[in-house]
Structure formats: C-alpha cells, structure tokens
There are 2 protein chains.
Amino acid sequence: MKTPTRKEEIIKSAAKLFLERGYSAVTMRDLAKELGIKAASLYNHISSKHEILESLIISVAEEFTVGMNQIFLSELSTLEKVEQVIHLHIDVTVKNQDALGSLNNDWMHLEGKALPYFEQMRNQYEENFRQIIKTGIAEGSIAARDPEILLFSVLSTLRTLYLWYPKKNSIDMQTLKADMTATMLASIRA
Amino acid sequence: MKTPTRKEEIIKSAAKLFLERGYSAVTMRDLAKELGIKAASLYNHISSKHEILESLIISVAEEFTVGMNQIFLSELSTLEKVEQVIHLHIDVTVKNQDALGSLNNDWMHLEGKALPYFEQMRNQYEENFRQIIKTGIAEGSIAARDPEILLFSVLSTLRTLYLWYPKKNSIDMQTLKADMTATMLASIRA
DNA sequence: ATACAAAACTAACGTTTGTTAGTTAAATCT
DNA sequence: AGATTTAACTAACAAACGTTAGTTTTGTAT
C-alpha cells in the first residue's frame with residue numbers, strides 16, 4: 001500500500017464524482033471542492049479534464065483486454081472460459097469500482113486517438129466473447145439460441161455489476177462469485 | 001398515427017441526442033441544430049431543458065410502474081409473472097427506445113419533486129420484482145441462490161436492452177422475446 | 001537557517017451555457 | 001381579405017465553464 005500521489009488522489013475523487021453525476025455534469029470546481037482546494041490548483045497535477053477521463057477509462061479497458069486475451073488463447077473448455085471471463089469481470093470491477101462508471105457511460109467523451117483505441121478494444125473484447133459462445137453452441141455445450149442474445153445477456157449483467165456491488169457489500173466475495181457464476185452459466189448452458 | 005406536435009418532435013430529437021451523448025453534454029444549441037432551428041426558438045414549445053428530461057423519464061417510468069403492478073397483483077404463477085415482466089420490459093423498451101437512455105443514465109439530473117418521485121417508482125418496481133423472486137425461492141420454483149444476485153442479474157439484462165436492440169434490428173420481435181425469455185428464465189429457474 | 005520542490009492560492013481570460021425579450025414570417029381560420 | 005395562431009427569427013443577458021499566469025504557502029532536505 002504505497003501512499004498515493006496527489007495526481008492519483010485527484011483521479012480517484014474524479015472517478016467517484018463521474019460515477020455519481022456523469023463526466024459532463026461534473027465541473028472542475030466540483031472536483032476541486034471535493035478535494036478541499038481551488039479549481040486552478042488541480043492544474044498543478046493534471047493537464048486537463050479530459051486527461052482524467054482518459055486515464056480512468058483506458059487503464060481499466062486495457063486490464064479487461066489483457067485478461068480476455070489470456071482466457072481466449074488458453075486451453076480451457078468453453079464453459080471454463082466463460083467462467084473465467086465472469087471471474088475476470090468481477091475482479092476488475094471490484095478493484096476499480098468507480099472507474100467503471102466512466103467506462104460504461106462516458107467513453108463517448110474520449111477525445112483524439114483515445115476514442116478509436118477504446119472502441120477497438122471494446123469490439124475486440126466482444127468479438128472474443130462472441131467466438132467463445134459460438135464455439136460452445138457448435139460443440140453443444142451452450143444452448144442453441146441466438147448467440148447475440150446470449151452474449152448481450154451475460155455481458156449486460158457483468159457490465160452493470162459496478163452499480164450493484166457497492167450497495168450490497170454485505171455479500172462476501174465468495175458468495176458473489178459463486179452465485180453469479182452459477183446464475184450466468186445456467187442462462188447459457190445447453 | 002396522428003401527426004406529432006412540434007413539442008413532441010423536439011422531445012423526440014432530444015431523446016435521441018441524450019442517448020448518444022448524455023443529458024448534460026447536449027446543449028440547447030445542439031438540439032436546435034438537430035431540428036434545423038435556432039436555440040431560442042425551442043422556448044416557444046418547451047419551458048426548459050429540464051422539462052424535456054422530466055417528460056422523457058417520468059412517462060416511461062410510469063409505464064413500467066403500471067405494468068409491474070398489474071403483473072404483481074395478478075393470479076399468475078411465479079414463473080409466469082417473471083415471464084410477463086420480461087415481456088413488459090421488451091415492449092416498453094422497443095416502444096421508447098431513445099427515452100430509455102435518459103431513464104437509465106440521467107435520472108439523477110431530475111429536479112424538484114420529479115427526482116424523489118422517480119426514485120420511489122424505481123424502488124417500488126425493484127421491491128415488487130424482489131418479492132416475486134423470493135416467493136419463487138420459497139416455493140421451490142426458483143433456484144436457491146442469493147435473491148439479490150438473481151434480481152440484479154435479470155434486471156441488468158432487461159435494463160440494458162435499449163443499448164442492444166437498435167443495433168441488432170435484424171432480430172425479429174418473435175425471436176427476441178422467445179430467446180430472451182428462455183435465457184433469463186434458465187438463469188433463475190430451480 | 002537556507003534552498004528547493006510540491007502544492008496551494010488569487011485573479012482573470014475567452015467561451016459556452018440556458019434562457020429572456022421583442023420581432024417577423026408563415027400557416028390556418030373566419 | 002383580415003385576423004389569429006403557430007413557429008420561426010435576432011440580439012442579448014448573466015452565470016458557469018475549462019483553463020492560464022503569476023504568486024504565495026507548506027513541507028522536506030541540506
């Protein structure tokens with residue numbers, strides 16, 4: 001647990017506010033007030049509001065991408081791969097709770113190269129997941145329903161976890177993983 | 001198909017832009033440009049930006065509330081109730097595609113009485129759904145897992161449908177309802 | 001005590017924001 | 001045709017926006 005730099009503290013506070021109100025509705029003065037300083041002081045540590053959004057979203061997106069690629073290229077069975085994806089999602093979400101708000105709702109406000117870069121990661125991620133599901137259907141381990149519906153059904157739940165997890169921290173990590181995995185596997189299993 | 005009033009056209013355009021960029025990121029000048037007029041002209045038809053958001057969100061929320069109450073109070077079996085809720089969600093989503101963006105992401109920007117009113121409807125909706133699920137678990141028709149996880153899993157998928165449906169309009173309504181219902185019932189069934 | 005770096009401050013900038021006031025053009029009704 | 005309604009316009013406002021420049025305070029190391 002190294003002590004965070006001031007920049008990291010700013011980004012963390014920003015993530016929290018972005019989650020509550022959305023990127024566009026949070027002003028630099030709001031963010032400054034949250035930290036007990038003036039808006040201009042923020043610029044000793046960060047170069048723009050956009051930089052904050054970018055560093056929030058891109059780092060988490062890369063974490064998802066790396067994890068998914070690893071699973072996709074592994075030698076696991078199809079259902080084991082799905083299970084790993086679920087665990088990946090839970091882990092990344094729990095570790096980056098607030099940032100996931102921006103990733104899900106404010107990615108369209110990314111600027112410059114960051115936007116296509118993000119979109120490409122996101123598409124790649126979905127495509128990998130789609131392939132896993134299609135393979136499962138072909139080999140009979142996953143139900144023969146429309147693959148888009150199966151994909152979107154699982155992905156929706158995973159992507160919305162950030163909204164629910166913080167409110168139900170009575171649930172321990174063990175139960176969360178076990179019950180979520182059971183529920184989602186049941187939804188797609190043949 | 002009655003011809004829409006100018007006000008309705010404005011609200012419809014607003015819904016589309018709010019969906020794409022979020023309420024706070026859309027300016028009255030953006031909205032005016034979309035309609036081919038000047039920003040000031042909007043105020044001949046609407047009284048404020050907030051009014052637009054409010055009418056978008058509240059009307060759809062009420063539609064959900066009415067539908068859910070009807071199902072909740074019906075004599076159907078638990079699983080039939082869940083099925084009806086799924087159908088309700090699909091119907092309302094397809095009919096109000098764009099407005100669902102605001103409902104899901106911008107409800108916190110509601111002002112005055114509209115905010116607590118919305119929150120109350122939303123809580124009531126979730127509570128009704130929770131009761132249905134708990135009853136199902138008690139009577140053995142629904143899997144004995146954490147009810148919060150079952151609830152959030154199904155609700156997440158339903159609430160995110162507005163993001164997927166427009167992109168996959170190759171899928172016909174018949175298949176959509178059938179496959180979604182099958183998938184989600186499988187996820188919670190005992 | 002002095003020097004240096006980190007992090008705050010005040011003041012201000014040019015834009016953009018939602019909105020109002022007052023006026024004009026087009027469409028509909030009598 | 002004249003009157004009325006509908007819906008557009010131009011011009012402008014005060015407030016809030018992200019950001020810059022220059023300065024002062026605070027904490028740490030010599």
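Letters A, B, ... mirror the listed sequences (proteins, then strands); counts begin at 1. The model shown is predicted, which means the values in this text are computed figures rather than measured ones.
Sorted by first then second residue, the ring pair (Phe, Tyr, Trp, His ring centres under 6.0 Å) pairs that include residues 156-190 of chain A, not counting sequence neighbours, are A:Trp164-B:Phe152. Among residue pairs with one or both ends in residues 173-190 of chain A, those qualifying as salt bridge (Lys or Arg N to Asp or Glu O under 4.0 Å) are A:Asp91-A:Lys177; sequence neighbours excluded. Screening residues 133-142 of chain B for salt bridge (Lys or Arg N to Asp or Glu O under 4.0 Å), with sequence neighbours left out, gives no hits. Contacts classified as salt bridge (Lys or Arg N to Asp or Glu O under 4.0 Å) and involving residues 26-46 of chain A (residues at least two apart or in different chains) are given here: A:Lys16-A:Glu34, A:Arg21-A:Asp30. For the ring pair (Phe, Tyr, Trp, His ring centres under 6.0 Å) condition, the pairs that include at least one residue of residues 54-77 of chain A, sequence neighbours left out, are A:Phe64-A:His89, A:Phe64-A:Tyr125. Screening residues 70-85 of chain B for salt bridge (Lys or Arg N to Asp or Glu O under 4.0 Å) gives no qualifying pairs among residues at least two apart or on separate chains.
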Without placing hydrogens or testing angles, list every side-chain donor-acceptor pair under 3.5 Å for residues 114-121 of chain A, not counting sequence neighbours.
from: A:Tyr117; atom 1: OH; to: A:Glu62; atom 2: OE2; distance (Å): 2.6

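The closest side-chain donor-acceptor pair between A:Thr160 and B:Arg159, if any, does not fall under 3.5 angstrom.
Ion pairing of A:Glu127 with A:Arg122 is absent here, as no side-chain N (NZ or NE/NH1/NH2) approaches a carboxylate O to less than 4.0 Å. We find that B:Lys113 and B:Glu54 are not joined by a salt bridge, their nearest charged nitrogen and carboxylate oxygen being 4.0 Å or further apart.
Scanning for ring-ring contact (aromatic ring centres under 6.0 Å, His included) contacts around A:His50 gives A:Tyr23, with sequence neighbours left out.
Nearest heavy-atom pair, B:Leu35 versus B:Arg6, reported as atom, atom and distance to 0.1 Å: O-NH2, 3.8 Å.
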Listed pairs, N/O of protein and of nucleotides 24-26 of chain D, under 3.5 Å:
none

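Of all nucleotides in DNA chain C having an atom under 4.0 Å from a heavy atom of chain B, the first and last in 5' to 3' order are C:dT17 to C:dA21.
A heavy atom closer than 4.0 Å to some atom of DNA chain C occurs in no member of residues 102-115 of chain B. Remark: A:Arg29, A:Ile37, A:Lys38, A:Ala40, A:Ser41, A:Asn44, A:His45 in residues 17-45 of chain A come within less than 4.0 Å of DNA chain C through at least one heavy atom.
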